[in-house]
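Please read the structure below before turning to the comments.
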Amino acid sequence: MPAPIVLIPARLGSTRLPGKPLADIGGLPMIVHVLRRAEAAAIGPVAVACAESAIADAVRAAGGTAVLTDPDLPSGSDRIHAALATLDPAGVHDIVVNLQGDLPGFPPRALRDLVAVLDDPGFDIATLVAPVTTAKEAAAPSVVKAACGFGDAATAPALYFSRHPIPSGPGPLWHHVGVYAYRRAALERFVAAPPSPLELREKLEQLRALELGLRIGAARIDRAPFGVDTPEDLDRARRNLAA
């Protein structure tokens, strides 16, 4: 049976919203909201991979597990890889979920859908997509689009990712939700490789996986979860989670 672990990378160094993981939402730091969502999914143990001790202190005060990692690590993927080595040196957990720490309203069921993608042995990495619903969303470079052809299937290979609307022609467009489940060997390959040409060109880390020949499978969810990147986003999250 698969043995997933959920790791949430978090650091204080956001330029648009300094101290973001510790931002108060309804009396709890944002990182604790994300922790609770991951725990509610009940797919395996949950830990926060922290760049700073202040985040670790907040997580532990809420009864969670925190691992301090090198603050100079370049990405969340590198941070969860470092935390995994500390938490599970024996390799008990064969699926590693990377849940972003700025998704305080993330639906727990979506984590279960994510991990289920790896029931297909042909996929090395799983991710999520949601329908693009407006022309503004399709055109926004901040919304990453995934080229997937689902047909009637619940999952499909993610063949490319871009900040531009892809693929061309009539049919749905898919908003990529940047949450991943890696087979452990795939995570090892990914973090060991340097940034790839298309990754650098599009500024999308997941293209490194495709250029390495790793296969990414995507599951559909109804809508993209709301992320917090700016003070305005934080205000919206406070309103949404108070409702």
- Task: Work out which heavy atom in A186 is nearest to a heavy atom in I125; give both atom names and the distance.
- Result: CB-CG1, 4.2 Å
- Note on the structure: Minimal heavy-atom distance between E137 and P131, with the atoms involved, is OE2-O, 4.0 Å
- Evaluate salt bridge (Lys or Arg N to Asp or Glu O under 4.0 Å) for R36 paired with E39, printing each intermediate quantity in order. CA-CA 5 Å; R36 296 286 182 255; E39 291 170 341; 3.2 Å; yes
- Query: Between the main-chain N or O of L118 and the side-chain N or O of R183, is there a donor-acceptor pair closer than 3.5 Å?
  - Reply: yes
- Applying side-chain contact (heavy atoms from CB on, under 4.5 Å), run through T127 and Q206 and close with a yes or a no. CA-CA 10 Å; T127 195; Q206 60 271 40; over 6 Å; no
- Mind checking whether V228 and L28 sit in one hydrophobic cluster, side chains of I, L, V, M, F, W, Y counted as touching below 4.5 Å? no
- Item | Distance in Å, L87 CG paired with T65 OG1, rounded so as to fall on 0.5 Å steps | 7.5 Å
- Task: Please say whether more than 12 non-hydrogen atoms of neighbouring residues, nucleotides or ligands are located less than 6.0 Å from CZ in R112.
- Result: yes
- Flag side-chain contact, heavy atom, 4.5 Å: L187 against N98: no
- Task: Look at the side-chain heavy atoms of Ile, Leu, Val, Met, Phe, Trp and Tyr, link any pair under 4.5 Å apart, and say whether V115 and F106 land in one connected group.
- Result: yes
- Message: Counting only heavy atoms from other residues, nucleotides and ligands, does the tally under 6.0 Å from CG of D70 exceed 12?
- Response: yes
- Item | CZ on R223 to NE2 on H175, rounded to 0.5 Å | 13.0 Å
- Item | Pair D229 + K20, salt bridge at N-O below 4.0 Å | yes
- Item | salt bridge (Lys or Arg N to Asp or Glu O under 4.0 Å) between D233 and R16, intermediate numbers included | CA-CA 11 Å; D233 293 339; R16 290 185 288 177; over 6 Å; no
- Student check: side-chain heavy atoms of E188 and H81 closer than 4.5 Å: yes
- Just wondering, are more than 12 heavy atoms of other shown residues or ligands nearer than 6.0 Å to CZ in R60? yes
- Query: Do L84 and V6 share a hydrophobic cluster, counting only Ile, Leu, Val, Met, Phe, Trp and Tyr and linking them when any side-chain heavy atoms are less than 4.5 Å apart?
  - Reply: no
- Query: Where do V117 and A126 come nearest, in terms of heavy atoms and distance?
  - Reply: CB-CB, 3.5 Å
- Query: If we only count heavy atoms from C-beta on, is the P9 to V48 side-chain gap below 4.5 Å?
  - Reply: no
- Report yes if the side chains of R163 and V144 come closer than 4.5 Å at any heavy-atom pair, otherwise no. yes
- Task: Taking all heavy atoms of L173 and all of A138, pick out the closest pair and write down the distance.
- Result: CD1-CB, 3.8 Å
- Item | Heavy-atom side-chain contact between L103 and V179 under 4.5 Å | yes
- Roughly how far apart are L204 CG and S162 OG, rounded to 0.5 Å? 7.0 Å
- Query: Side-chain heavy atoms under 4.5 angstrom apart, residues restricted to Ile, Leu, Val, Met, Phe, Trp, Tyr: same cluster for M30 and L7?
  - Reply: no
- Query: Taking the six-membered ring for Trp, are F150 and W174 parallel (under 30°), tilted (30 to 60°) or perpendicular (over 60°)?
  - Reply: perpendicular
- Note on the structure: In short, S77 meets Y182 closest at the heavy-atom pair OG-OH, 3.4 Å
- Message: Test your reading of the model: is there a side-chain donor-acceptor pair from E202 to the backbone of L207, 3.5 Å cut-off?
- Response: no
- Query: Minimum heavy-atom separation for L241 to H33, with atom names?
  - Reply: CD1-ND1, 4.0 Å
- Task: Could you go through the salt bridge (Lys or Arg N to Asp or Glu O under 4.0 Å) check for R238 and D24 one step at a time?
- Result: CA-CA 8 Å; R238 286 168 172 159; D24 182 273; 5.1 Å; no
- At what distance, to the nearest 0.5 angstrom, does CD1 of I31 lie from CD1 of I25? 10.5 Å
- Task: Determine whether more than 12 heavy atoms belonging to other residues, nucleotides or ligands lie under 6.0 Å from atom CZ of R11.
- Result: no
- Item | Donor on one side chain, acceptor on other, E205 and Y180, under 3.5 Å | no
- Note on the structure: dist H176:NE2 -> L128:CG (nearest 0.5 Å) comes out at 7.5 Å
- Could you go step by step and tell me if I166 and F161 meet the side-chain contact (heavy atoms from CB on, under 4.5 Å) rule? CA-CA 8 Å; I166 56 169; F161 301 86; 5.7 Å; no
- Message: Is the shortest side-chain heavy-atom distance between H93 and P45 below 4.5 Å?
- Response: yes
- Query: In terms of hydrophobic clusters joined by side-chain contacts under 4.5 Å, are V92 and V96 together?
  - Reply: no
- Query: Is there side-chain contact between D124 and F190, with at least one heavy-atom pair below 4.5 Å?
  - Reply: no
- 4.5 Å side-chain heavy-atom contact, L12 and P18: no
- Measure the spacing between CZ of R215 and CG of D120 and express it to the nearest 0.5 Å. 7.0 Å
